[in-house]
Amino acid sequence: DVVRSRFRFRASLVGAVLGDCIGSKYEGTARVRMQNLIADVRALHERDTRDLRYTDDTAMTRSVAGSLIVHEKFVAEDMALRFAKEFQKDPCRGYSPGISNLFEKLLQRNLTGGEVFRPAEEQFQGKGSYGNGAAMRVAPVALAYPDIDCIKEVARQIARLTHAHVLGYNGAILQALAVHFALHDENVDKMSFVNKLIAEMEPIEASANASFNSADKPYCKKLEKMKEYLNKKNLSKEDVVKQFGHGVRALDSVPTAIFSFLHCLEPESEILAGFSGLARTIVYSVWLGGDTDTIASMAGAIAGAYYGVESSPTQWMQYCEGVKEAEQNADGLLALYCRR
Ligand code: 8NA
Ligand code: MG
Ligand code: MG
Ligand code: MG
């Protein structure tokens with residue numbers, strides 16, 4: 001059913017853009033008021049000046065999509081160069097300061113082969129980054145590959161171009177899996193959705209432990225907690241933030257995005273009852289505060305993949321920068337997906 005698929009592919013990338021554009025105003029704000037947020041989105045259709053600008057989340061997602069579409073597979077050097085050139089062309093998109101220095105290295109050194117992963121390994125005194133920057137751009141991978149093993153492998157590789165820390169690239173794998181499962185589910189059951197994620201992440205985190213000599217499976221631990229929290233009534237946002245986080249670390253934001261999607265399968269409050277599934281997921285995740293653009297962008301990618309374009313707020317789409325390109329990239333990825 002290609003038409004229905006096209007809607008879901010488009011809504012995933014559009015959802016990512018909308019979350020980024022709407023969330024960016026509050027990035028780094030610990031407490032976001034629902035009243036202000038509702039006023040913001042209601043005012044969107046009155047905008048007569050400029051679009052809401054997208055940030056690094058969307059800029060990097062576009063590079064991932066573009067490279068996969070052109071080469072019909074992952075080509076490390078090309079993707080790394082696209083990240084770096086996109087940054088160079090338009091550096092004022094709210095990138096993390098740490099990552100700009102990595103882009104400089106990628107541009108200066110003219111790296112080939114496995115060398116292209118070297119600058120990322122040098123980040124943070126050789127520990128690599130555990131930021132959420134790899135997870136925030138990974139949605140196109142779930143749209144490019146039907147096969148779940150390919151998704152995991154390509155998500156890891158793309159992540160490692162900038163995020164060499166296990167929590168950085170495993171966060172990207174988890175986000176890609178969430179988009180994949182949302183895309184292929186006709187009627188999400190919260191518990192089985194989380195169980196599917198745990199089943200995939202278990203062996204991934206176990207093998208990471210073998211090389212890091214730790215018994216921890218931090219993503220699985222948060223996913224287990226999620227099952228408990230999805231069943232709670234009258235959950236406060238303070239509780240959600242305390243359990244899942246809302247920070248720039250992948251571990252403090254990817255589970256939060258997944259939780260937002262699942263929690264918002266039903267309207268979470270009366271205020272959000274008037275919104276479509278995608279819209280309320282975005283509003284809810286921005287309301288959690290912290291790294292709002294990135295969490296809303298990841299939650300939007302998952303929700304869009306599930307609800308499809310029927311759920312996309314057209315009013316918002318008109319006033320967020322980069323929606324058209326997201327739709328074009330989604331069509332390109334669907335064509336690729338269908339050829340596999
Ligand atoms: P990154 O790789 O620089 O990581 C982001 C941050 O995580 C770093 O600045 C560090 O504070 C911290 N960090 C990551 N790894 C380590 C480590 N091994 N040791 C110590 N600290 C570490 O960049 P990224 O691309 O992962 O970041 C993505 C975020 O940056 C997104 O939110 C994006 O929108 C942007 N951004 C966020 C904020 C914010 O305050 N929330 C502000 C501007 C930009
Ligand atoms: Mg951003
Ligand atoms: Mg397989
Ligand atoms: Mg952010």
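Along the sequence shown, residues carry numbers from 1. Read the numbers this way: they start at 1 and go in the same order the structure lists the ligands and their atoms.
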Legend entry - Flag side-chain contact, heavy atom, 4.5 Å: S253 against M298: yes

Inset, instruction - From the options Y26, F124, F83, select the one whose nearest heavy atom is closest to atom 12 (C) of ligand 1. - result: F124

Inset, instruction - Identify, by atom number and element, the atoms of ligand 1 in contact range of H163, meaning under 4.0 Å from any of its heavy atoms. - result: 2 (O), 24 (P), 25 (O), 26 (O)

Inset, instruction - Would you kindly say whether D293 and Y54 are connected by a side-chain donor-acceptor distance under 3.5 Å? - result: no

Inset, instruction - Describe, in one word, how the ring planes of Y130 and F124 are oriented to each other, choosing from parallel (under 30°), tilted (30 to 60°) and perpendicular (over 60°). - result: parallel

Inset, instruction - Could you tell me whether some N/O pair between G28 and ligand 1 is separated by less than 3.5 angstrom? - result: no

Inset, instruction - Could you tell me which atoms of ligand 1, counted from 1 in the order shown, lie closer than 4.0 angstrom to a heavy atom of D293? - result: 34 (O)

Legend entry - Contact atoms of ligand 1, heavy-atom distance to G94 under 4.0 Å: 35 (C), 36 (N), 43 (C), 44 (C)

Inset, instruction - Evaluate the ring pair (Phe, Tyr, Trp, His ring centres under 6.0 Å) criterion for residues F87 and Y95: first the C-alpha distance (whole Å), next the side-chain angles of each, then the deciding distance (0.1 Å), finally the verdict. - result: CA-CA 8 Å; F87 169 75; Y95 289 91; 5.0 Å; yes

Legend entry - ligand 1 contact on Q123 by region, counting heavy-atom pairs under 4.0 Å: neither

Legend entry - Location of contacts on D57 toward ligand 1, heavy atoms closer than 4.0 Å: side chain

Inset, instruction - May I ask you to check if ligand 1 and E27 share an N or O to N or O distance below 3.5 Å? - result: yes

Legend entry - Nearest atoms (heavy-atom pairs only) where S100 meets P97: OG-O, 2.7 Å

Legend entry - Near the Mg ion (ligand 4) (cut-off under 2.8 Å), count of protein N, O or S atoms: 4

Legend entry - Closest protein heavy atom to atom 15 (N) of ligand 1, given as residue, atom name and distance to 0.1 Å: Y130 N, 2.9 Å

Inset, instruction - Please report the shortest heavy-atom distance between S5 and L334, naming the atom on each side. - result: CB-CD1, 4.0 Å

Inset, instruction - Report yes if H165 has an N/O atom closer than 3.5 Å to an N/O atom of ligand 1; otherwise report no. - result: no

Legend entry - K222/D252 ion pair, N-O < 4.0 Å: yes

Legend entry - Close-contact set for ligand 1 against S129 heavy atoms, below 4.0 Å: 1 (P), 2 (O), 4 (O), 14 (C), 15 (N)

Inset, instruction - For the pair E186 and R8, find out whether any cationic side-chain nitrogen is under 4.0 Å from an anionic carboxylate oxygen. - result: yes

Legend entry - Within-shell test, G128 vs ligand 1, heavy atom, strictly < 4.0 Å: yes

Inset, instruction - Quick one: look up the protein heavy atom nearest atom 31 (C) of ligand 1 and list residue, atom name and how far away it is. - result: T294 OG1, 3.2 Å

Inset, instruction - Taking only heavy atoms of G133 into account, list the atoms of ligand 1 that are under 4.0 Å away from them. - result: 24 (P), 25 (O), 26 (O), 28 (C)

Legend entry - For F261 against T281, the heavy-atom pair lying closest together: CA-CG2, 3.8 Å

Inset, instruction - Would you please classify the geometry between the Y284 ring and the H263 ring as parallel, tilted or perpendicular, with 30° and 60° separating the classes? - result: tilted

Inset, instruction - Kindly confirm or rule out an N or O of Y95 lying under 3.5 angstrom from an N or O of ligand 1. - result: no

Inset, instruction - May I ask you to check whether A134 has an N/O atom sitting below 3.5 Å from an N/O atom of ligand 1? - result: no

